[in-house]
Peer 1: 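Below is the structure I would like to discuss, written out as structure tokens.
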Amino acid sequence: MKFRLPLTTLMMGVALVATPAIAKKKEPVTPAPTALPTFVDPDPTHDPDDVLYLDLSDGGRVAIRLMPAWAPHHVERIETLTKEGFYNGQIFHRVIDGFMAQTGDPTGTGQGGSQLPDLKAEFNSMPHLRGTVSMARTNDPDSANSQFFIVFYPRFALDRKYTVFGRVISGMEYVDKIQRGEPPANPTKIVQASLASQHLPPPDFAAMQAASAPITADQLSNSQSN
């Protein structure tokens, strides 16, 4: 005896075969964060627009590699202010031994900044290692403006809370000599800030140090003036 499907059952089966499967609702896929470059080029002749020179009153040139890939708007701000001569003559007003040296305030009090608007935070995964250059701010994450600091020793507690935008590639020994204090009694000054692409020579550090040396009693006794 042969079994035959009823016509209606057979038609339903054909319909099911012909009907595409109902697609399952897909969960939105969160794209993986873009990996930031970790290599910091130590050669100042490469991409000289992104190399910041700080000529310090204590007698040395510090070279900082700016990293647009880490914080493009912060790097743009630093480069803009540098070209305007904003940092020339400014002091390191907050320098904590074993921690960092901070500058970028024309008032020298830590309360000032540039006339440009504050920046939106660009927190990133770059760690606060020795030589890291990072932006200072208030409790407001979007309050960075012109002040920045250079780290003496690693401070990983600052990671992802302050915007890292560069790293010292030469002259860290001069950073180590920056006068400590909040503010220091005799603060270290940025005599000249420039970009490598501007090709500005460093000042005459020997003449600067001679001019700032204290006058001795012997020098006074040998004076030729009346």
Side-chain angles (χ1 to χ4, degrees), residues 38 40 42 51-67 70-71 74-75 77-78 81-82 86-114 121 123-141 143-194 202-203 205-206 208-214:
T38 57
V40 177
V51 175
L52 172 66
Y53 286 141
L54 301 179
D55 296 314
L56 306 185
S57 60
D58 287 343
R61 168 168 278 190
V62 179
I64 296 168
R65 169 67 65 182
L66 305 175
M67 298 292 291
W70 297 353
H74 286 68
V75 168
R77 172 62 55 84
I78 296 295
L81 293 177
T82 298
F86 176 82
Y87 293 110
N88 295 344
Q90 292 193 20
I91 67 169
F92 283 86
H93 62 272
R94 183 168 181 251
V95 186
I96 303 175
D97 196 27
F99 182 16
M100 59 89 214
Q102 185 171 327
T103 186
D105 173 14
T107 71
T109 65
Q111 304 299 313
S114 76
F123 301 152
N124 53 57
S125 58
M126 292 300 104
H128 284 76
L129 307 170
R130 171 172 164 81
T132 290
V133 189
S134 191
M135 214 68 174
R137 62 172 179 83
T138 66
N139 290 330
D140 179 358
S143 60
N145 186 284
S146 63
Q147 295 189 42
F148 63 89
F149 59 92
I150 306 173
V151 180
F152 291 129
Y153 294 102
R155 285 295 180 109
F156 301 130
L158 304 180
D159 294 357
R160 299 180 186 273
K161 298 176 183 176
Y162 293 83
T163 299
V164 175
F165 65 89
R167 193 171 297 161
V168 174
I169 56 175
S170 68
M172 193 64 195
E173 66 272 23
Y174 303 119
V175 175
D176 289 334
K177 293 179 181 179
I178 293 174
Q179 299 296 309
R180 272 57 168 172
E182 299 182 67
N186 184 27
T188 300
K189 182 183 297 184
I190 299 174
V191 178
Q192 175 180 269
S194 64
F205 292 118
M208 287 168 44
Q209 292 177 344
S212 62

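Here the structure is a predicted model, which is why all the values come from computation and not from measurement. Excluded from the calculations below are hydrogen atoms, water molecules and symmetry mates; all remaining heavy atoms, backbone and side chain alike, are included. Count residues from 1 along the sequence.
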Peer 1: What's the separation between atom CZ in F123 and atom OG in S134, rounded to the nearest 0.5 Å?
Peer 2: 8.5 Å
Peer 1: To the nearest 0.5 Å, what is the distance between CZ (F99) and CZ (F152)?
Peer 2: 10.5 Å
Peer 1: Restricting to non-hydrogen atoms, name the atom on F86 and the atom on G104 that form the minimum distance, rounded to 0.1 Å.
Peer 2: CE2-O, 3.7 Å
Peer 1: Could you tell me which residues satisfy salt bridge (charged side-chain N to carboxylate O under 4.0 Å, His left out) with D97, sequence neighbours excluded, listed by chain and number?
Peer 2: R180
Peer 1: Kindly determine whether Y162 and M135 satisfy side-chain contact (heavy atoms from CB on, under 4.5 Å), including the steps that lead there.
Peer 2: CA-CA 6 Å; Y162 293 83; M135 214 68 174; over 6 Å; no
Peer 1: By the definition side-chain contact (heavy atoms from CB on, under 4.5 Å), identify the one residue from V75, V168, V62, I78 that meets it with L52.
Peer 2: I78
Peer 1: Quick check: closest heavy atoms across Q90 and D105, and the distance to 0.1 Å?
Peer 2: OE1-N, 2.9 Å
Peer 1: Does any pair with a residue in residues 126-137 pass salt bridge (Lys or Arg N to Asp or Glu O under 4.0 Å), and if so which ones, sequence neighbours excluded?
Peer 2: R130-D176
Peer 1: Indicate the atoms forming the closest heavy-atom contact of P202 with R61, along with that distance.
Peer 2: N-NH2, 3.3 Å
Peer 1: About how many Å separate OG of S146 and NE2 of H74, when rounded to the nearest 0.5 Å?
Peer 2: 11.0 Å
Peer 1: Please report the shortest heavy-atom distance between G59 and Y174, naming the atom on each side.
Peer 2: O-CE2, 3.3 Å
Peer 1: Report, one line per pair, each donor and acceptor closer than 3.5 Å where one atom sits in a side chain of residues 181-193; sequence neighbours left out.
Peer 2:
from	atom 1	to	atom 2	distance (Å)
E182	OE1	R94	NE	3.2
T188	OG1	D58	OD2	2.5
T188	OG1	Q179	N	3.0
Q192	NE2	D55	OD2	3.0
Q192	NE2	P201	O	3.1

Peer 1: Would you sort out whether V133 and F149 count as a side-chain contact (heavy atoms from CB on, under 4.5 Å), showing the intermediate values?
Peer 2: CA-CA 6 Å; V133 189; F149 59 92; over 6 Å; no
Peer 1: side-chain hydrogen bond (donor to acceptor under 3.5 Å, both in side chains) with T38: which residues, sequence neighbours excluded?
Peer 2: none
Peer 1: Output all residues satisfying side-chain hydrogen bond (donor to acceptor under 3.5 Å, both in side chains) with D159, sequence neighbours left out; order by chain, then residue number.
Peer 2: H128
Peer 1: Calculate, to the nearest 0.5 Å, the distance between atoms CD1 and CG belonging to I178 and L56 respectively.
Peer 2: 5.5 Å
Peer 1: So Y53 and V51, side-chain contact (heavy atoms from CB on, under 4.5 Å) or not? Walk me through it.
Peer 2: CA-CA 7 Å; Y53 286 141; V51 175; 4.1 Å; yes
Peer 1: Run the side-chain hydrogen bond (donor to acceptor under 3.5 Å, both in side chains) test against S114 and tell me which residues pass, sequence neighbours left out.
Peer 2: N145
Peer 1: Compare every heavy atom of T163 with every heavy atom of A71, then report the nearest pair and how far apart it is.
Peer 2: CB-CG2, 3.5 Å
Peer 1: Check whether any side-chain N or O of T103 sits under 3.5 Å from a backbone N or O of I91 as a donor-acceptor pair, and report yes or no.
Peer 2: yes
Peer 1: Applying ring-ring contact (aromatic ring centres under 6.0 Å, His included), can you list everything that pairs with Y87, at least two apart in sequence or on another chain?
Peer 2: F148
Peer 1: Is any side-chain heavy atom of M100 closer than 4.5 Å to a side-chain heavy atom of R155?
Peer 2: no
Peer 1: What is the distance from atom OG of S194 to atom CG of L54, rounded to the nearest 0.5 Å?
Peer 2: 8.5 Å
Peer 1: Closest approach of Q147 and G112, non-hydrogen atoms and distance?
Peer 2: NE2-O, 2.8 Å
Peer 1: Holding to side-chain hydrogen bond (donor to acceptor under 3.5 Å, both in side chains), I want the full list of residues that pass it with S143, two or more places apart in sequence or in another chain.
Peer 2: T138
Peer 1: Please round to the nearest 0.5 Å and tell me the distance separating atom CZ of R77 and atom CG of L66.
Peer 2: 14.0 Å
Peer 1: Identify, with sequence neighbours excluded, every residue that meets side-chain contact (heavy atoms from CB on, under 4.5 Å) alongside R167.
Peer 2: V40, W70, L129, T132
